[in-house]
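Right, one structure below, let's go through it.
As the structure is a prediction and not an experimental result, all values here were calculated from the model. To find a chain, count down the sequence lines: A is the first, B the second, and so on, and within it residues start at 1.
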Amino acid sequence: MIAEDMAAGRSGGRLMTRFPPEPNGYLHIGHAKSICLNFGLAAEFGGLCNFRFDDTNPAKEEVEYVESIESDVRWLGFDWDDRLYYASDYFERLYDYAGQLIKEGKAYVCDLTADQIREYRGTLTAPGKASPYRDRSVEENLDLFRRMRAGEFGDGSRVLRAKIDMASGNINMRDPVMYRIKKEAHHRTGDRWCIYPMYDYAHGISDSIEGVTHSLCTMEYEDHRPLYDWFLDELKIYHPQQIEFARLNLSYTVLSKRRLLKLVNEKHVNGWNDPRMPTLAGMRRRGYTPEAIRNFCERIGVGKKESLVDLALLEYCLREDLNKHALRVMGVLRPLKVVIDNYPEGGEEYLDAVNNPEDPGAGTRKVPFSRELYIEREDFMEDPPKQFFRLAPGREVRLRYAYFIKCESVVRDERTGEVMELHCTYDPATRGGDSPDGRKVKATLHWVSAPHSLEAEVRLYNTLFTKENPNDTEEGRDFTDYLNPKSLEVLTDCRLEPGLKDARAGAGYQFERMGYFCVDSVDSAPGKPVFNRTVTLKDEWAKLQKAGKK
RNA sequence: UGGGGCGUCGACAAGCGGCAAGUCAGCAGAUUUUGGAUCUGCCAUUCCCAGGUUCGAAUCCUGGCGCCCCAGCCA
């Protein structure tokens, strides 16, 4: 949309973008949209994209954040070579430019308090009035600004303001603050500075210094564009073009650093990289792939319209990628014991299983089979409705890659009546899963051999919020009121194929018929993996059940 | 009674005066040793509304309506 327009040969055919995060939080999927846009556009038109930290507010910024941000962008698959910049690298030049504006009578030091400045600014409908300090002499302003830098004044006692128009309909133009005094150590410049430039002043100049041609930002900065332009024009320096686009909103989650920080601080989640978080760190731990996220960003498009993208689209992109690449494996989440009565006691054999039907190159593996197995509890029903194809008393089904088995009897807990165990018989002629006599079976079940199985913990995730748009709060409520109590379910008695014992952290698999899972990179121990459910498989049966309940 | 922006299918989104792409979701069917994957077909006579210009408008004009953002010494 904006892209063709750019390629039209303006800016001398040169294209330079930048991704300018503030290191005050972790990156989330909304940032991924911006990253893909900026780096993607540059790559598409033979340009470059710089990586610049917008670190002009030491009070909120930390090195932990700069490190996570860098690694997240790299993980997403983008590279900035040696073009890693910091707005703080430009502090000296920014200071000089401010001096230039003062000399030209376009900026002044103001002694009003923050509250007074607010009062003088006026309201949305009423114009502001001039600060009594607006007409200080150039000399006095220069002297005061120099002394601000020298640390002679206390925090918040004075600011440097641009002299623009106190009556402007655009509040950003009512003599905006350019510098404030903050005696706070900066994560990079230490205590070299005690005055720090504001975003509006620093951003455009930073873009200009770097020769950025297209400065892409989100819609809320549209009102700031006249100011962006004003500084550059008054300074008569290279003038990049600011273009705005709508930020991403995703259903059933929140995408703002302020809200995500609140979730972390109030312990609604276990940190920024909690697999339920829409942060890149959380998604990575959950098992999302960079490829899936990039594809998603590609598909949602870029425009100026506020939108709420369906989570289903993200999950579609995820499954699309995982389906092609994830190795198949069998894992029983809620085990139900099955004894094959006519299988030799103590017998054991290894059956061939395909690793990935979508990729013949992935090969095959051997899975152990024996007299005692586990199947999924939900794959058996004593009194099944007609739409249920799976195991039931007297019914025959196929065990994937193994045999046809038939349920002969059910063992129940005398007291609770709960089904404890199934007794089945198998047909030796169906080894591998095909029946020589051509008889059909309506379902294929995954299973695992009980004595060979690996016990593991599996964590099932659901949406963090129960409301499609948690930002859309009713009177007196907060987005945290819509947190989903079932966003995490921990299963501790899962039985997996033994081959998974040494699965490496982060590795993703498809547990056949159950979904995609990956080895948790934080809580897994050698030989004792913990799996995170990345996303379920599409499930016709679940859909039928849901429809039936309604 | 200020300034800025946006309004095309349930959700995204093309379209830029010539007669509504595509994707997700949904529905129906084929196929299947994952009720997975795959494949087919269906899903906006209509583009926020009302006028106007035109042979012809989602696209141009006028007037409404609705939604979002802005009063940090945050970014």
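- L112(A) comes within contact range of at least one nucleobase, with a heavy-atom separation under 4.0 Å.
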Report summary line: B/S/- along nucleotides 3-10 of chain B (protein heavy atoms under 4.0 Å) is BSSSSS--
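- Rounded to an integer number of Å, the gap from E22(A) CD to rC74(B) C1' is 7 Å.
- Applying the salt bridge (charged side-chain N to carboxylate O under 4.0 Å, His left out) test to residues at least two apart or on different chains, the pairs with a partner in residues 159-171 of chain A are D135(A)-K163(A).
- Pairing partner, rU34(B): none, since no Watson-Crick or wobble contact has both distances short of 3.5 Å.
- rU46(B) is unpaired under the Watson-Crick or G-U wobble criterion, no partner having all donor-acceptor distances under 3.5 Å.
- Backbone-only contact: A312(A) has heavy atoms under 4.0 Å from sugar-phosphate atoms and none from a base.
- Listed by first then second residue, pairs satisfying ring pair (Phe, Tyr, Trp, His ring centres under 6.0 Å) with a partner in residues 163-183 of chain A read F145(A)-Y179(A), Y179(A)-Y201(A), not counting sequence neighbours.
- R180(A) has a side-chain polar atom (N or O) that falls below the 4.0 Å cut-off from OP1 or OP2 of rC74(B).
- rA75(B) has no base stacking with the ring of Y199(A) when judged by centroids under 5.5 angstrom apart and an interplanar angle below 30°.
- Summarising the base pairing, rC6(B) is matched to rG66(B) through a Watson-Crick or G-U wobble pair whose two defining distances lie under 3.5 Å.
- Within 4.0 Å (heavy atoms only), H203(A) reaches no atom of the nucleic acid at all.
- Rounded to an integer number of Å, the gap from N172(A) CG to rG72(B) P is 11 Å.
- Across all strands shown, rU23(B) pairs with rA11(B); the Watson-Crick or G-U wobble distances both stay below 3.5 Å.
- The CG-P distance, from N249(A) to rC68(B), rounds to 12 Å in whole Å.
- Judged purely by atom type and a 3.5 angstrom limit, E320(A) has no side-chain atom pairing as donor or acceptor with the backbone of Y316(A).
- With C1' as the reference atom, rG2(B) and rC43(B) are 45 Å apart, rounded to whole Å.
- On a pure distance criterion of 3.5 Å, no polar donor-acceptor pair joins the side chain of Y316(A) and the base of rA25(B).
- Taking atom CZ of residue R319(A) and atom C1' of nucleotide rG36(B), one finds them 10 Å apart after rounding to whole Å.
- For rG18(B), the glycosidic angle deviates from 0 by more than 90°, giving an anti base.
- Within the cation-pi definition used here (under 6.0 Å to the ring centroid, within 45° of the axis), R400(A) does not qualify as a partner of W447(A).
- For Y108(A), the ring-ring contact (aromatic ring centres under 6.0 Å, His included) test picks out no residue, with sequence neighbours left out.
- For rC73(B), one of the phosphate oxygens OP1 or OP2 lies less than 4.0 angstrom from a side-chain nitrogen or oxygen of R121(A).
- The separation between N24(A) atom CG and rG72(B) atom P is 19 Å, rounded to whole Å.
- Between the side chain of Q510(A) and the base of rU34(B), a donor-acceptor pair under 3.5 Å is found.
- Separation of the C1' atoms belonging to rU23(B) and rC6(B) is 22 Å when rounded to the nearest angstrom.
- Inspection of the Y228(A) and D207(A) side chains reveals an N or O donor paired with an N or O acceptor under 3.5 Å.
- rU40(B) is paired with rA28(B) under the Watson-Crick or G-U wobble criterion, all donor-acceptor distances under 3.5 Å.
- Within 4.0 Å of K442(A), counting heavy atoms only, lies no atom of the nucleic acid at all.
- rA75(B) atom P lies 15 Å from atom CG of D207(A), rounded to whole Å.
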Requested in this report: Apply salt bridge (Lys or Arg N to Asp or Glu O under 4.0 Å) to the pair E349(A) and R431(A), showing each step before the final yes or no.
Outcome: CA-CA 11 Å; E349(A) 67 187 303; R431(A) 190 173 197 274; 2.7 Å; yes
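- Regarding R161(A), its CZ atom lies at a distance of 12 Å from the P atom of rG72(B), rounded to whole Å.
- Put simply, T56(A) has a side-chain N or O that comes within less than 4.0 Å of OP1 or OP2 on rA75(B).
- Backbone-only contact: I300(A) has heavy atoms under 4.0 Å from sugar-phosphate atoms and none from a base.
- When atom types are taken as modelled, the side chain of K257(A) and the backbone of E22(A) share a donor-acceptor pair closer than 3.5 angstrom.
- Across all strands, V177(A) comes closer than 4.0 Å only to sugar-phosphate atoms, never to a base (heavy-atom distances).
- Counting non-hydrogen atoms under 4.0 angstrom, T123(A) reaches a base of the nucleic acid.
- Residue contacts for E512(A): at a heavy-atom cut-off of 4.0 Å it reaches a base atom on one of the strands shown.
- An OP1 or OP2 oxygen of rG35(B) is reached within less than 4.0 angstrom by a side-chain nitrogen or oxygen of R513(A).
- Using a 4.0 Å heavy-atom cutoff across all strands shown, Y516(A) reaches no nucleic acid atom at all.
- For N323(A), counting side-chain heavy atoms from C-beta on, the closest listed nucleotide (rG35(B), rC24(B), rA37(B)) is rA37(B).
- In summary, R18(A) and E210(A) do not engage in a salt bridge, as defined by a charged side-chain N under 4.0 Å from a carboxylate O.
- Between F296(A) atom CZ and rC12(B) atom C1' there is a gap of 9 Å when expressed in whole angstrom units.
- Residues forming a side-chain contact (heavy atoms from CB on, under 4.5 Å) with C518(A) (at least two apart in sequence, or on another chain): N532(A), T534(A).
- Residue-level contact check: P127(A) touches neither bases nor backbone, having no heavy atom under 4.0 Å from any strand.
- Side-chain N or O atoms of T218(A) include none that pairs as donor or acceptor with a backbone N or O of E220(A) at under 3.5 Å.
- Note on D200(A): nothing from the nucleic acid sits closer than 4.0 angstrom, heavy atoms only.
- Positionally, the nearest nucleotide of RNA chain B for E468(A) lies more toward the 5' end than for the other of D155(A) and E468(A).
- Listed pair K440(A) / rU32(B) fails the phosphate criterion, with no side-chain N or O lying under 4.0 Å from OP1 or OP2.
- Here E315(A) lies out of heavy-atom contact (under 4.0 Å) with every strand.
- For D72(A) and S68(A), the side-chain atoms include no donor-acceptor pair closer than 3.5 Å.
- With 3.5 Å as the limit, one finds no donor-acceptor pair spanning the side chains of Q510(A) and E512(A).
- With the nearest nucleotide of RNA chain B identified for both M514(A) and I171(A), M514(A) has the one nearer the 5' end.
- Contacts between residues 395-407 of chain A and RNA chain B, defined by a heavy-atom separation under 4.0 Å, are made by R398(A), R400(A), Y401(A).
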